[in-house]
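Quick note: numbers below take in every heavy atom, side chains included, and nothing from hydrogens, waters or symmetry partners. Just so we're on the same page: letters track the sequence lines, and every chain starts at 1. All of these numbers come straight from a predicted model, not from anything done at the bench.
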There are 2 protein chains.
Amino acid sequence: MGLAKTEMFTDQQNEIALFAKAFGHPARVAILQHLFKINTCVCGDLVNEIGLAQPTISQHLKELKHLGLIKGNVEGTSVCYCINTENWSKMKQVMHAFLDQDMNNPTCC
Amino acid sequence: MGLAKTEMFTDQQNEIALFAKAFGHPARVAILQHLFKINTCVCGDLVNEIGLAQPTISQHLKELKHLGLIKGNVEGTSVCYCINTENWSKMKQVMHAFLDQDMNNPTCC
DNA sequence: TTTGTTTATTGCAATATTACGATTAATATT
DNA sequence: AATATTAATCGTAATATTGCAATAAACAAA
């Protein structure tokens, strides 16, 4: 079907899955890493930085923006993107809670 | 196309994306959380625990196993699954390195 | 106003993912 | 051997994702 049955899972589980899905494509990973690396807004050169066509990059940016992980500020004809640090922190908390769970006393076969 | 152009990204970026993709479905999140929660191997009741059909669960388990995040031990007619703690730790390192990157001096528009 | 520059949107083709019924495989039990 | 139990696999339908060419939209500069 290709359709996740989200209604049978908790909000937390769905939230984790949504964030994870955003990181589930190397182009989006690369975009985010670049935004962190350059340490400021990036206007335009993402298409040159990543090797994909402009509409493809635009689409990935849209997803990240929709999730709130990045911000886009219009600057004349170009748009400047940067990490939404506040939301990134919130996302980190959610993901850490999931990744850092531990088995206190693992007794496996 | 539905096909990620992995060759234009670094191994690290592709690895992050692969792990993230595994967490990109609430059923797999739920499976992993359950394995952590019960603190031991689980033989069989995952289908009852999660609300999906047996072949669907089996498919999700296969993906997680293929990534090395869980182990499956055959116990008679049933199979016991548990977290592969060693690989889970390695995965955590990779994901933390990505999530915990920081802008030292964010100057945004 | 025309032209150039930059980003978003549309439309579409190719591939991937999700889900499950039906079946198979493997092993226990009787 | 026959039957039951459990999990994997196969086949298939429905939906999602990825990528890009073509186009549109928005704005600046001439």
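If you measure from atom CG of B:N73 to atom P of D:dA7, you get 13 Å, rounded to the nearest angstrom. One atom, CD of A:Q54, and another, C1' of D:dA24, lie 11 Å apart when rounded to the nearest Å. Atom P of nucleotide C:dT17 and atom NE2 of B:H25 are separated by 12 Å, given to the nearest angstrom. C:dT15 atom P lies 13 Å from atom NZ of B:K5, rounded to whole Å. Look at CG on A:L46: it is 14 Å from P on C:dT6, rounded to the nearest Å. Rounded to an integer number of Å, the gap from OH of B:Y81 to C1' of D:dA7 is 7 Å. Computed from coordinates, the B:L52 CG to C:dT17 P distance equals 17 Å when rounded to whole Å. B:E75 places its CD atom 18 Å from the P atom of C:dA26, with the value rounded to the nearest Å.
Out of C:dG21, D:dC20, C:dT6, the shortest distance to the side chain of A:A53 is found at D:dC20.
Residues forming a side-chain contact (heavy atoms from CB on, under 4.5 Å) with B:E7 (at least two apart in sequence, or on another chain): B:K5.
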Would you mind writing out the side-chain donor-acceptor pairs for residues 26-34 of chain B within the sub-3.5 Å range, not counting sequence neighbours?
{"from": "B:R28", "atom 1": "NE", "to": "B:A22", "atom 2": "O", "distance (Å)": "2.8"}
{"from": "B:R28", "atom 1": "NH1", "to": "B:H60", "atom 2": "ND1", "distance (Å)": "2.9"}
{"from": "B:R28", "atom 1": "NH1", "to": "B:E63", "atom 2": "OE1", "distance (Å)": "3.3"}
{"from": "B:R28", "atom 1": "NH1", "to": "B:E63", "atom 2": "OE2", "distance (Å)": "3.3"}
{"from": "B:R28", "atom 1": "NH2", "to": "B:K21", "atom 2": "O", "distance (Å)": "3.3"}
{"from": "B:Q33", "atom 1": "OE1", "to": "A:Q13", "atom 2": "NE2", "distance (Å)": "2.8"}
{"from": "B:Q33", "atom 1": "NE2", "to": "A:Q12", "atom 2": "OE1", "distance (Å)": "3.3"}

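Across the interface with DNA chain D, nearest-nucleotide mapping of A:T77 and B:A4 shows B:A4 to be the residue nearer the 5′ end. Checking B:V74 against A:K21, the closest nucleotide of DNA chain C that is more toward the 5' end is the one next to A:K21.
Judged by Watson-Crick or G-U wobble contacts below 3.5 Å, the nucleotide C:dC12 has D:dG19 as its partner.
Within residues 57-72 of chain A, the residues that have a heavy atom under 4.0 Å from DNA chain D are, in order of number, A:Q59, A:H60, A:E63.
Side chain of B:Q101 to main chain of B:F98: a donor-acceptor pair is present (N/O by atom type, distance under 3.5 Å, no hydrogens or angles).
Remark: aromatic rings of B:F19 and B:W88 are distant, center separation not under 6.0 Å.
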